[in-house]
Amino acid sequence: MPRGERSEEAWLWYTVVYEAIQEIPYGKVTSYGHIARLVGKPERPRQVGVCLKHLAAPSTDRTKKSATYNSSNVPWQRVINARGGIPPRGPHGASRHAAVLRAEGVEVSEGSMGELTVDLSKYGWFPEMLPSETGQVESSDGEDEEAAEDEAAYHA
DNA sequence: AATATGACCAAGA
DNA sequence: CTCTTGGCCATAT
């Protein structure tokens, strides 16, 4: 991260996000919001996107830490938006993204406006949490980021 | 320092 | 179904 690598807190955010993403099974996809929930920050899906954006540049890493995670060891292609759409981050970005997903066996179709989409009910990966149905929340205690961090590193 | 943006999301209208 | 609104906060200008 550009800003002084001294900020452990910022590094921590990137770390938990990357590790959560690495848990997405091959051939499945999930959303930014789900990753945000996994790391205990359900209200910051946007910041997850920031992480991946920086991930796109593997070199230019001055700190050894930033070299830990790069576009080749983090399956960024398995993270799409909540509607199953592939975010058009560039002119040919979406198509390239779709190609990578198809290579994993994920079916990518075309939306109404030529937007590439994935069928979440088929390829979506949302581990045992459907708030809309059960309305149950796992950690209803006062735990926050710390707990989430543990949980994220747990599964690895 | 202050303002604008963005690989987003959920809920309303 | 589409469009708007409010919220988030690390980066970029």
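All values below come from the heavy atoms of this structure, side chains included, with hydrogens, waters and symmetry mates left out. So that the names make sense, note that chain A is the first sequence line, chain B the second, and so on, each numbered from 1.
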Q: Under 4.0 Å between a Lys/Arg side-chain N and an Asp/Glu carboxylate O for A/Arg78 and A/Glu104?
A: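 Judged by the 4.0 Å cut-off on N to carboxylate O distance, A/Arg78 and A/Glu104 do form a salt bridge.
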Q: Taking atom P of B/dC8 as reference, at what distance in whole Å does atom CG of A/Leu120 sit?
A: 14 Å
Q: Between A/Val50 and A/Ile80, which is nearer to the 5' end of DNA chain B once each is assigned its nearest nucleotide?
A: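 First, find each residue's nearest nucleotide; the 5'-ward one identifies A/Val50.
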Q: To the nearest Å, how far apart are A/Leu55 CG and C/dT11 P?
A: 13 Å
Q: A/Tyr14 has a side chain; which of C/dC8, B/dA7, C/dA10 sits nearest to it?
A: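 The listed nucleotide nearest to A/Tyr14's side chain is C/dA10.
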Q: Over 60° means perpendicular and under 30° means parallel, so classify the ring planes of A/Tyr18 and A/Tyr69, tilted if in between.
A: tilted
Q: Starting the side chain at C-beta, find the nucleotide from C/dA10, B/dA10, B/dC8 nearest to A/Tyr32.
A: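 Nearest listed nucleotide: B/dC8.
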Q: Is the backbone N or O of A/Glu107 less than 3.5 Å from a side-chain atom of A/Asp119, with the two atoms forming a donor-acceptor pair by type?
A: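 Side chain of A/Asp119 to backbone of A/Glu107: no pair is present.
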Q: Can you label the angle between the A/His97 ring and the A/Trp76 ring as parallel, tilted or perpendicular, going by 30° and 60°?
A: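 If you compare the ring of A/His97 with that of A/Trp76, the planes turn out perpendicular.
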Q: Rounded to whole Å, how long is the line connecting atom NZ of A/Lys41 with atom C1' of B/dC8?
A: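 Interatomic distance, NZ of A/Lys41 to C1' of B/dC8: 17 Å.
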Q: Quickly work out the A/Arg44 CZ to C/dT11 C1' distance and round it to whole Å.
A: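 Atom-to-atom, A/Arg44 to C/dT11, this comes out as 16 Å.
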Q: Between C1' on C/dC9 and CD1 on A/Ile35, what's the gap in Å once rounded to a whole number?
A: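 Value for this atom pair: 18 Å.
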Q: Distance between the C1' atoms of C/dG7 and B/dG6, in whole angstroms?
A: 14 Å
Q: What are the atom names and distances for every N/O pair under 3.5 Å that joins the protein to nucleotides 4-7 of chain C?
A:
| unit_1 | atom_1 | unit_2 | atom_2 | d |
| --- | --- | --- | --- | --- |
| C/dG7 | O6 | A/Arg46 | NH1 | 3.1 |

Q: Between A/Arg37 and B/dA10, is there a side-chain N or O to OP1/OP2 distance below 4.0 Å?
A: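 A/Arg37 to B/dA10 OP1/OP2: side-chain N or O found under 4.0 Å.
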Q: How many Å lie between NE2 on A/His54 and C1' on B/dT5, as a whole number?
A: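 Those two atoms, NE2 and C1', are 13 Å apart.
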Q: Do A/Val74 and A/Leu52 touch side chain to side chain, with heavy atoms closer than 4.5 Å?
A: no
Q: Below 4.5 Å, heavy atoms only, C-beta onward: do A/Val29 and A/Leu120 meet side chain to side chain?
A: yes
Q: Without decimals, in angstroms, what is the distance between A/Glu115 CD and C/dT2 P?
A: 12 Å
Q: Ring-plane angle category for A/His54 and A/Tyr14, please: parallel below 30°, perpendicular beyond 60°, tilted otherwise.
A: perpendicular
Q: Measure from CD on A/Gln47 to C1' on B/dC9 and round the result to the nearest Å.
A: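 Interatomic distance, CD of A/Gln47 to C1' of B/dC9: 12 Å.
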